[in-house]
Protein chains: 2
Amino acid sequence: MSNNLNFVAKLRNSGLRPTKQRIKICEILFGGKETFHFSINDLSKIVAQKTNEKISLATIYNTVHAFLGKGYLKQIAVNSEQSYYDTNVSDHHHFYDEDKSQLIDIHDCEVEPVKINKKIPGKKIKSIEVLVKVQNN
Amino acid sequence: MSNNLNFVAKLRNSGLRPTKQRIKICEILFGGKETFHFSINDLSKIVAQKTNEKISLATIYNTVHAFLGKGYLKQIAVNSEQSYYDTNVSDHHHFYDEDKSQLIDIHDCEVEPVKINKKIPGKKIKSIEVLVKVQNN
DNA sequence: TTATTACTTTAGAATAGTTATAATCTAAGC
DNA sequence: GCTTAGATTATAACTATTCTAAAGTAATAA
């Protein structure tokens with residue numbers, strides 16, 4: 001399938017050889033129609049479910065970090081306990097459901113652009129991240 | 001000094017006995033004119049500087065967590081490597097200087113209020129956090 | 001193809017931040 | 001001053017992440 005070529009390109013572009021394990025990871029991350037949010041732990045479990053052989057954590061970390069570096073994945077700071085990643089790398093923000101420990105996209109059109117009337121001399125803005133924490137009412 | 005009474009009250013209100021160690025922590029956190037941002041590691045070092053005897057990490061964690069629970073401190077998610085805390089618990093946002101690994105307050109008046117045109121059924125908003133990452137230009 | 005080489009995978013060791021434990025100590029109330 | 005419930009401490013345990021080194025595999029050249 002043409003997806004596979006896509007995966008290989010992504011890997012090559014990230015400086016990684018297209019190995020069996022990495023292609024499997026690509027399938028999970030970029031193969032679906034929907035973008036999704038995951039922790040390394042989540043990804044590791046999904047890999048284990050969809051594959052008989054498990055992929056070692058080291059490989060998962062390495063691959064995710066390489067994709068992060070190339071902008072194929074985005075890291076989301078929610079709390080300090082775990083890293084969350086997002087396959088949707090476009091500008092957008094998130095709800096964080098504290099009861100379910102789950103991220104939900106807020107598309108860019110659903111938020112007014114954030115305006116900051118303050119500058120730091122000698123610094124440029126790299127990103128603006130909005131995190132809306134929600135809980136059951 | 002009257003500050004000391006204040007510290008004792010804060011501790012009592014957080015369900016903690018006012019011990020020597022905890023009062024020392026209070027002095028550092030709430031004794032200055034300025035609010036400040038810190039990691040547990042930072043706090044531990046400051047304690048060591050300002051005191052001859054060191055306070056154990058366990059005590060520092062316990063006290064910080066109790067203050068967090070009572071809203072005397074605020075936790076700020078920057079990245080997954082370390083927890084950052086803020087003695088300024090009023091509504092406000094932050095710059096994060098990636099080169100210096102340092103947080104800088106954005107006062108509420110320096111940002112237009114963030115408007116989100118999306119609701120999650122059955123959930124209420126607990127907080128809206130804006131983090132503006134900056135780097136040297 | 002096959003051989004060679006450089007990069008990968010993997011399990012498990014190492015590390016860092018955080019939490020739990022159990023013995024010793026201390027604030028609070030009598 | 002006692003008594004006791006709760007605190008402090010050093011250290012062990014735990015969890016997420018990174019490192020390591022041996023064995024395996026993709027890429028390249030012959």
Side-chain angles (χ1 to χ4, degrees), chain A residues 4-5 7-28 37-48 50-70 73 75-85 101, chain B residues 4-5 7-28 37-48 50-70 73 75-85 101:
Chain A
N4 219 304
L5 276 175
F7 300 157
V8 172
K10 271 204 167 75
L11 286 166
R12 284 251 154 75
N13 195 239
S14 308
L16 299 175
R17 280 188 186 166
T19 62
K20 195 178 56 170
Q21 292 87 342
R22 287 171 175 165
I23 287 174
K24 197 77 207 168
I25 292 173
C26 281
E27 281 170 10
I28 290 165
H37 308 108
F38 63 95
S39 66
I40 293 289
N41 192 35
D42 295 336
L43 182 53
S44 176
K45 277 184 195 161
I46 296 170
V47 164
K50 299 209 172 178
T51 323
N52 287 339
E53 339 155 42
K54 284 176 191 178
I55 297 179
S56 87
L57 271 180
T59 300
I60 294 178
Y61 274 105
N62 291 344
T63 308
V64 165
H65 284 168
F67 284 151
L68 255 190
K70 275 292 166 179
L73 289 175
Q75 190 162 26
I76 301 162
V78 176
N79 57 44
S80 317
E81 284 119 50
Q82 234 175 355
S83 293
Y84 286 84
Y85 303 91
S101 297
Chain B
N4 218 302
L5 276 175
F7 299 159
V8 171
K10 269 203 168 74
L11 287 166
R12 284 253 155 75
N13 195 238
S14 306
L16 298 176
R17 280 188 187 167
T19 63
K20 195 178 58 172
Q21 293 86 344
R22 286 172 177 166
I23 287 174
K24 196 79 207 169
I25 292 173
C26 280
E27 282 170 11
I28 290 164
H37 308 106
F38 63 95
S39 67
I40 293 290
N41 193 34
D42 296 335
L43 182 53
S44 177
K45 278 184 194 160
I46 296 171
V47 165
K50 300 209 173 180
T51 321
N52 286 338
E53 338 156 41
K54 284 178 191 174
I55 296 178
S56 87
L57 271 180
T59 300
I60 294 178
Y61 274 106
N62 290 342
T63 307
V64 165
H65 284 168
F67 284 151
L68 255 190
K70 275 292 167 178
L73 289 175
Q75 189 161 28
I76 301 162
V78 175
N79 56 44
S80 318
E81 282 121 51
Q82 234 175 355
S83 291
Y84 286 86
Y85 302 91
S101 298

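Everything quoted here is computed from the prediction, not taken from an experiment. Quick note on labels: first sequence line is chain A, next is B, and so on, each numbered from 1.
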Query - Nearest heavy atoms of B:L68 and B:Q75, plus distance in Å - result: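 Distance-wise, the nearest heavy atoms are CD2-N, 3.6 Å.
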Query raised in the report: What are the two closest non-hydrogen atoms of A:C26 and A:F67, and how far apart are they?
Result: SG-CZ, 3.6 Å
Query raised in the report: Does B:R12 reach the main-chain N or O of B:P18 with its side chain, forming a donor-acceptor pair under 3.5 Å?
Result: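 Not confirmed, B:R12 side chain does not pair with B:P18 backbone.
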Requested in this report: Using modelled atom types only, decide if a donor and an acceptor are shared between the side chain of A:S14 and the backbone of A:K10 within a distance under 3.5 Å.
Outcome: yes
Query - Identified side-chain contact (heavy atoms from CB on, under 4.5 Å) counterpart of B:V47 within the set B:T59, B:D42, B:I55 - result: B:I55
**Report entry** Sequence-aligned protein contact record of nucleotides 17-30 of chain C, with B where the base is within under 4.0 Å of a protein heavy atom and S where only the sugar-phosphate is
**Finding:** SBBB------BS--
Report task. In whole angstrom, give the distance that lies between atom CD1 of A:I55 and atom P of C:dT8. Result -> 15 Å
Query raised in the report: Which whole-number value in Å describes the distance from A:I60 CD1 to C:dT8 P?
Result: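 Checked: the CD1 to P distance equals 16 Å.
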Spacing of [atom1] belonging to [X] relative to [atom2] belonging to [Y], to within rounding of 0.5 Å:
X      : Y     : atom1 : atom2 : answer
A:F7   : A:I28 : CZ    : CD1   : 10.0 Å
B:L11  : B:K70 : CG    : NZ    : 12.5 Å
B:S101 : B:Y84 : OG    : OH    : 5.0 Å
A:L16  : A:I23 : CG    : CD1   : 11.0 Å

Query - Inter-axis angle, terminal five-pair segments of the helix from C:dT1-D:dA30 to C:dC30-D:dG1 [nearest 10°] - result: 30°
Requested in this report: Give the first and the last nucleotide of DNA chain D, reading 5' to 3', that has any atom under 4.0 Å from a heavy atom of chain B.
Outcome: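 It runs D:dA5 to D:dA10.
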Requested in this report: Please step through side-chain hydrogen bond (donor to acceptor under 3.5 Å, both in side chains) for the pair A:N41 and A:S44, ending with a clear verdict.
Outcome: CA-CA 5 Å; A:N41 192 35; A:S44 176; 5.4 Å; no
